[in-house]
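Okay, structure first, notes after.
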Amino acid sequence: MKIYDFDTPINRKNTQCIKWDQSFESTVDTQYPLWVADMDFACCDAIVEALKKRVEQQIYGYNTGFDAQYRQVVCDWFARRFDWKINPSDIFYAGGVVPAIAYLIEILSVEGDGIVIQTPVYYPFRKKIEATKRKVVENPLQNENGYYTMNFEELDHLLGRDDVKGMILCSPHNPIGRVWKQEELSMVLKLIKKHRKWIISDEIHGDLIRHHHRQLPLAKLGADMCDQIIMCTAPSKSFNLAGLQNSNIIISNKEYQQRWKKYVLQRLSLSGPNSFALSATMAAYTQGEEWLNQLNAYLDTTIVEVTSYLKKQLPKAIVSPCEGTYLLWVDVRGYCKDQERLEKAMLQAGLILDEGYLFGIAGSGFERINVACPRAFLMEAMERFVAVVKSLDIDSNKRNRYDYGVC
């Protein structure tokens with residue numbers, strides 16, 4: 001069995017990489033981009049070889065898209081990893097989960113309709129709802145010392161409103177890192193069924209689950225009500241393929257399928273992935289499983305190490321338990337409650353993070369940290385992070401003096 005290397009840094013600068021090449025207001029020479037959710041690890045060999053083979057064909061014409069072979073590969077992956085059986089004809093293409101959510105909002109609702117999201121949550125949910133002139137209906141998660149749970153009583157009330165047509169579930173949840181338990185998902189499904197609403201389940205991080213936790217696809221649990229469930233999946237987070245822009249959207253409801261075809265295929269002319277995305281996805285799902293297993297083991301160790309370090313160095317900070325994804329959610333309000341000051345200090349120190357307020361008001365004073373990078377680089381960044389946070393916990397008459405210590 002090959003042992004994969006997740007420790008060797010790869011230079012991504014000047015490669016049109018949004019994570020590393022986007023300009024930020026920072027004057028320090030060394031920057032630590034730990035924000036957008038892609039990984040600083042090389043893809044597994046099978047994907048690289050599949051792409052090389054595609055390049056060597058020398059002709060990049062029209063492809064067969066979602067043909068029977070491709071669909072079967074996708075079905076086999078989810079059957080093998082999750083014991084979830086998918087009808088091949090229920091798979092539809094989108095260039096990403098965010099575009100898919102935008103399409104689904106368009107075909108499942110009309111302007112003015114309400115859509116529930118559970119904040120703090122991945123901010124494109126809110127943006128797409130607002131951009132399509134629908135109403136954001138918040139069902140805030142309950143935070144108990146960093147551990148988040150759903151408020152089912154309120155969710156029941158919100159889904160019972162006539163103006164609310166459905167909800168978007170984030171599973172695993174970004175940014176808080178929860179992998180929802182079976183009883184939690186069952187309650188969500190019970191309420192969806194009770195009020196006859198639809199639910200979009202964003203499960204793009206579903207392959208990235210921490211040790212001792214288990215991802216349960218919503219459509220598998222709710223097999224008896226699959227007409228109300230739309231599943232958003234992709235190989236992009238799992239195998240670091242976001243730039244190839246390929247997602248597999250699972251729609252079982254025949255009426256919704258026709259609406260998708262009319263809007264996405266006929267109106268927008270978006271029929272299938274490009275040739276490179278096809279090759280990469282099929283290689284990932286047929287030959288990338290061992291790489292993914294080793295990646296998850298590496299992330300497990302990284303998250304334990306970083307969480308332990310932050311808890312020791314910043315006892316007033318709260319690190320939410322990371323059950324899934326490679327994103328840490330850190331509450332630093334015990335050191336600084338001024339979000340603007342916090343963001344400015346991080347940028348001045350070269351720490352490029354996703355500020356918590358982006359995910360909703362409840363995220364103000366938090367930082368989302370992407371830990372999917374070589375561990376030595378990450379720990380350097382965490383030393384700087386600790387120094388910045390400590391520097392903010394000073395007397396008010398020194399608030400404009402930032403001492404980054406040894407960093």
Side-chain angles (χ1 to χ4, degrees), residues 19 32-39 117-126 138-151 168-181 184 202-206 208-213 215 237 296 299-339 342-343 345-346 351-373 378-379 381-382 384-386 388-389 392:
K19 186 177 184 180
Y32 298 88
L34 305 175
W35 62 294
V36 66
D38 74 2
M39 300 186 285
I117 59 174
Q118 296 176 307
T119 53
V121 73
Y122 184 49
Y123 42 87
F125 290 2
R126 177 185 298 276
E138 293 193 30
N139 173 221
L141 297 171
Q142 301 171 130
N143 181 2
E144 299 177 12
N145 198 35
Y147 187 78
Y148 288 81
T149 56
M150 297 187 195
N151 185 337
I168 305 174
L169 177 72
C170 201
S171 178
H173 195 283
N174 171 10
I176 66 170
R178 276 297 317 275
V179 173
W180 303 115
K181 298 176 182 178
E184 292 172 307
D202 175 0
E203 305 198 10
I204 195 170
H205 289 276
L208 300 165
I209 306 300
R210 307 283 57 82
H211 190 51
H212 296 314
H213 294 279
Q215 173 72 0
K237 302 300 181 189
N296 272 319
L299 292 173
D300 285 342
T301 301
T302 295
I303 288 168
V304 168
E305 185 172 331
V306 172
T307 299
S308 176
Y309 175 76
L310 291 178
K311 287 182 176 180
K312 181 179 180 180
Q313 296 295 325
L314 299 172
K316 292 190 291 183
I318 300 174
V319 184
S320 290
C322 184
E323 301 172 349
T325 80
Y326 46 71
L327 307 166
L328 278 189
W329 184 240
V330 185
D331 180 354
V332 296
R333 290 175 297 175
Y335 294 90
C336 178
K337 294 182 180 180
D338 185 334
Q339 179 63 63
L342 175 63
E343 182 174 16
M346 291 296 170
L351 289 163
I352 317 301
L353 311 174
D354 262 347
E355 300 298 323
Y357 70 85
L358 296 171
F359 303 88
I361 295 175
S364 183
F366 290 70
E367 299 285 359
R368 192 191 78 168
I369 305 173
N370 177 352
V371 303
C373 58
L378 177 64
M379 295 312 296
M382 290 301 94
R384 184 170 296 195
F385 178 84
V386 166
V388 172
V389 173
L392 294 171

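Heavy-atom basis, side chains included; hydrogens, waters and symmetry copies ignored. Quantities reported herein were computed from a predicted structural model and do not represent experimental measurements. Residues: numbered from 1 along the sequence shown.
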Could you grab the distance from atom [atom1] of [X] to atom [atom2] of [Y], nearest 0.5 Å is fine?
X      : Y      : atom1 : atom2 : value
Cys373 : Lys19  : SG    : NZ    : 6.0 Å
Thr149 : Gln118 : OG1   : CD    : 10.0 Å
Asn139 : Met150 : CG    : CE    : 8.5 Å
Leu378 : Leu328 : CG    : CG    : 8.0 Å
Trp35  : Ile352 : CH2   : CD1   : 9.0 Å
Tyr123 : Phe125 : OH    : CZ    : 12.0 Å

Apply the test side chain to side chain donor-acceptor pair (under 3.5 Å) to residues Tyr122 and Asn174: give CA-CA distance (whole Å), side-chain angles for both, the deciding distance (0.1 Å), then the verdict.
CA-CA 6 Å; Tyr122 184 49; Asn174 171 10; 5.7 Å; no
Is it true that a side-chain atom of [X] and a backbone atom of [Y] form a donor plus acceptor pair closer than 3.5 Å?
X      : Y      : answer
Asp202 : Ile204 : yes
Lys237 : Ala37  : yes
Asp331 : Phe366 : no
Ser320 : Gly146 : yes
Asn370 : Val36  : yes
Thr325 : Leu327 : yes

Does any non-hydrogen side-chain atom of [Y] lie less than 4.5 Å from one of [X]?
X      : Y      : result
Ser364 : Lys337 : no
His173 : Tyr148 : no
Tyr147 : Ile176 : no
Leu34  : Met382 : yes
Trp180 : Gln215 : no
Leu208 : Asn296 : yes

Determine, step by step, whether Thr119 and Leu141 satisfy the side-chain contact (heavy atoms from CB on, under 4.5 Å) criterion, reporting the C-alpha distance in whole Å, the side-chain angles of both residues, the deciding distance to 0.1 Å, and the verdict.
CA-CA 6 Å; Thr119 53; Leu141 297 171; over 6 Å; no
Does a side-chain N-to-carboxylate-O contact under 4.0 Å join Glu355 and Arg368?
no
Locate the shortest heavy-atom distance separating [X] from [Y]; write the atom from each residue and the value.
X      : Y      : answer
Ala372 : Met39  : CB-CG, 3.3 Å
Pro120 : Gly363 : CB-N, 4.4 Å
Cys170 : Val121 : CB-CG2, 3.9 Å
Asn151 : Pro140 : CB-O, 4.0 Å

Report the C-alpha distance between Glu323 and Arg178 in whole Å, list the side-chain angles of each, state the deciding distance to 0.1 Å, and finish with yes or no for salt bridge (Lys or Arg N to Asp or Glu O under 4.0 Å).
CA-CA 5 Å; Glu323 301 172 349; Arg178 276 297 317 275; 2.9 Å; yes
What orientation do Tyr326 and His205 show, parallel under 30°, tilted 30 to 60°, or perpendicular over 60°?
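Tyr326 vs His205 ring planes: perpendicular.
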If you look only at distance, which donor and acceptor atoms sit under 3.5 Å apart when one is on a side chain in residues 308-317 and the other is two or more places apart or in another chain?
from   : atom 1 : to     : atom 2 : distance (Å)
Gln313 : OE1    : Lys390 : NZ     : 3.4
Lys316 : NZ     : Asp393 : OD1    : 3.4
Lys316 : NZ     : Asp393 : OD2    : 2.7

side-chain contact (heavy atoms from CB on, under 4.5 Å), that's the test. Do Asn143 and Ile318 meet it? Break it down for me.
CA-CA 11 Å; Asn143 181 2; Ile318 300 174; over 6 Å; no
Thr302 vs Asp300, side-chain contact (heavy atoms from CB on, under 4.5 Å): CA-CA, chis, key distance, verdict:
CA-CA 6 Å; Thr302 295; Asp300 285 342; over 6 Å; no
Val389 pairs by side-chain contact (heavy atoms from CB on, under 4.5 Å) with which of Met346, Arg384, Glu367?
Met346
Please step through side-chain contact (heavy atoms from CB on, under 4.5 Å) for the pair Glu138 and Ile361, ending with a clear verdict.
CA-CA 11 Å; Glu138 293 193 30; Ile361 295 175; 5.9 Å; no
